[in-house]
K.L.:
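There's a structure below that I have some questions on.
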Amino acid sequence: MEFFNPQKFLHLVIICNCLGIGSSFSFTPSPQTRPRPSNFRLCASTASSSSPSVSSLSASNGTLPNNGKHQQQKQKNKIDDNDDLSSPLSLGFDQLSSVMGGSGRAKLIWKLLRQGIDPLDDQYYNAEEEQIIEELGKKAIRKYEMNFKGTIESQISRVSNVQVAADGTTKLLIKLHQDGLEVETVLIPWDDRQSSTLCVSSQVGCRQGCTFCMTGRMGKLRSLTADEILSQVFHAVRFTSASASSSSIACYPIDNVVFMGMGEPADNVEAVTRVARILVDSNQFQLAPRRVTISTVGLSPQSFLQLGQAPAVLAWSVHASQDDLRRQLVPTTKYSMVELREGLIQALQKRSRRLQSIMLEVTLLDAINDSVEDAHHLADFCLPIIEQVPNTKLVINVIPWNDISASSGPAALYNKPSPERVLRYQKTLVEERGMRCLIRTTRGDDESAACGQLATKKTNTADQTTQIIQ
């Protein structure tokens with residue numbers, strides 16, 4: 001029996017944030033070398049319907065001052081000063097339509113944003129984009145600039161470094177405008193389907209403290225705003241656009257976005273849910289909900305219900321189904337696995353049939369959680385999910401641990417399981433228990449920076465720049 005068929009299951013294999021690094025280069029695409037946008041737009045299927053607006057914004061802040069037509073026109077073009085409009089990325093489409101004075105203008109703006117083009121940054125224009133700007137008109141551009149005040153790079157974030165592994169896996173280091181902290185977002189190209197998976201971060205660091213993960217060792221510095229998360233998608237699209245003509249880099253259109261980068265999405269539910277809605281909106285990033293995956297360690301039973309409101313597939317980082325072992329690997333665990341499972345089941349039952357699938361992720365550690373007994377215990381643990389959510393498609397995703405070179409703490413004693421032990425674990429689940437089980441493909445590991453090995457930290461410099469820990 002064939003235990004792992006990458007051609008059949010590749011669309012289910014998802015890579016987390018901590019991926020490899022290779023040659024570095026500066027990211028300065030020019031209008032002369034930049035390909036036409038039709039070659040590199042987000043290529044996933046369009047969502048069937050527009051998602052609801054996240055919130056509503058008023059078009060004015062009350063009574064207009066009685067000081068002339070010019071002042072009234074200025075007030076008409078500008079929304080409430082109390083509203084934080086750093087960029088159009090995190091606005092619902094209806095909100096942006098209200099700000100811009102019509103859905104037609106909003107659609108043109110999103111036609112640019114989907115291609116990684118900022119309406120205020122003309123260094124990336126080509127003939128087709130200039131035509132869109134001309135169609136928008138100078139009045140609309142002035143209104144846009146009045147409300148958003150600057151480019152995404154000047155107001156939200158910018159790419160501070162790009163590193164490419166031998167297999168084409170590309171890590172973008174994103175510097176945040178708010179405080180100079182940095183996060184990683186990772187592009188994983190798939191040659192067989194000519195598209196890429198994008199792995200985004202939801203926080204700077206993580207407070208869950210998983211003992212096998214370098215990100216967990218750095219702690220949580222802060223959560224990202226919806227704008228900061230979406231800017232990672234914007235920069236990734238721009239990067240694929242600028243690099244599509246380079247024969248040395250395999251940059252394909254993005255057709256999957258996964259929340260498996262730095263941070264715990266359940267610790268930042270509001271922003272993550274807002275981002276998911278914008279990713280799948282048919283007027284915005286146009287991804288199908290099944291092409292967006294949110295991975296959580298499962299903070300509480302309620303956290304599954306909260307994340308279940310997002311139009312995305314859920315993944316649960318289980319790592320161990322036995323309570324004692326789970327608390328050893330994820331020290332912040334406060335609930336029993338049965339309690340967490342019940343929360344997951346309730347969340348899945350409330351979802352549409354197309355979003356009732358679930359992926360359970362297990363990082364395998366040699367002689368700790370990779371035995372045949374561990375596999376059987378996990379299979380038993382999964383049965384109530386399958387029985388109580390009849391439409392679910394449950395997949396177990398096995399991740400052989402990657403050494404994080406820890407000199408202290410539990411990770412200093414961890415080892416990567418042998419391929420034989422990993423295959424035996426998978427065989428037990430597949431052949432003996434009838435489970436779907438995949439082994440996660442390792443990508444970008446040529447510089448010993450695979451899954452779980454990446455983190456950033458503040459330095460003592462004035463602008464709080466970050467460094468990569470390998």
K.L.:
For the atom pair CD1 (Ile188) and OG (Ser195), what is the distance rounded to the nearest 0.5 Å?
P.N.:
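Result: 11.0 Å between the selected atoms.
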K.L.:
Could you tell me whether the side chains of Trp190 and Thr197 share a donor-acceptor contact shorter than 3.5 Å?
P.N.:
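There is such a pair between these side chains.
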K.L.:
My understanding is that only one of Val292, Val275, Val257 makes a side-chain contact (heavy atoms from CB on, under 4.5 Å) with Val280; could you say which?
P.N.:
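Only match with Val280 under side-chain contact (heavy atoms from CB on, under 4.5 Å): Val292.
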K.L.:
Donor-acceptor pair, distance only, cut-off 3.5 Å: does the side chain of Arg440 make one with the backbone of Ile399?
P.N.:
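Not confirmed, Arg440 side chain does not pair with Ile399 backbone.
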K.L.:
Would you check if the side chain of Asn397 reaches a backbone N or O of Met359 as a donor-acceptor pair within less than 3.5 Å?
P.N.:
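Flag not set: sc Asn397 to bb Met359 has no pair under 3.5 Å.
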K.L.:
Are the side chains of Glu264 and Ser202 in touch, meaning some heavy atoms are under 4.5 Å apart?
P.N.:
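When only atoms from C-beta onward are counted, Ser202 and Glu264 do not touch, as no gap falls below 4.5 Å.
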K.L.:
On the six-membered ring of Phe381, is Arg341 placed so that its NZ or CZ lies under 6.0 angstrom from the centre and within 45° of the ring axis?
P.N.:
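Yes.
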K.L.:
Can you sort out the partners of Asp374 under salt bridge (Lys or Arg N to Asp or Glu O under 4.0 Å), two or more places apart, ordered by chain and number?
P.N.:
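By the salt bridge (Lys or Arg N to Asp or Glu O under 4.0 Å) rule, Asp374 matches no residue at all.
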K.L.:
Name all residues meeting the side chain to side chain donor-acceptor pair (under 3.5 Å) criterion together with Tyr414; count only those two or more places apart in sequence or in a different chain, and write none if there are none.
P.N.:
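Tyr414 satisfies side chain to side chain donor-acceptor pair (under 3.5 Å) with Thr211 once adjacent residues are dropped.
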K.L.:
Minimum heavy-atom separation for Phe304 and Gly298, please, with both atom names.
P.N.:
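Reported closest heavy-atom pair: CZ-CA, 3.7 Å.
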K.L.:
Under the side-chain contact (heavy atoms from CB on, under 4.5 Å) test against Ser90, which residue among Gln95, Arg274, Arg277, Glu228 passes?
P.N.:
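Among the candidates, only Arg274 passes.
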K.L.:
If we only count heavy atoms from C-beta on, is the Val398 to Val422 side-chain gap below 4.5 Å?
P.N.:
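Val398 reaches Val422 side chain to side chain.
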K.L.:
Are Arg207 and Leu221 side-chain neighbours, meaning at least one heavy-atom pair lies under 4.5 Å?
P.N.:
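No, every pair of side-chain atoms sits at 4.5 Å or beyond.
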K.L.:
Please identify each residue that fulfils side chain to side chain contact (heavy atoms under 4.5 Å, CB included) with Ala406, with sequence neighbours left out.
P.N.:
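Counting only residues at least two positions away or on another chain, Ala406 forms a side chain to side chain contact (heavy atoms under 4.5 Å, CB included) with Arg217, Ile404, Ala411.
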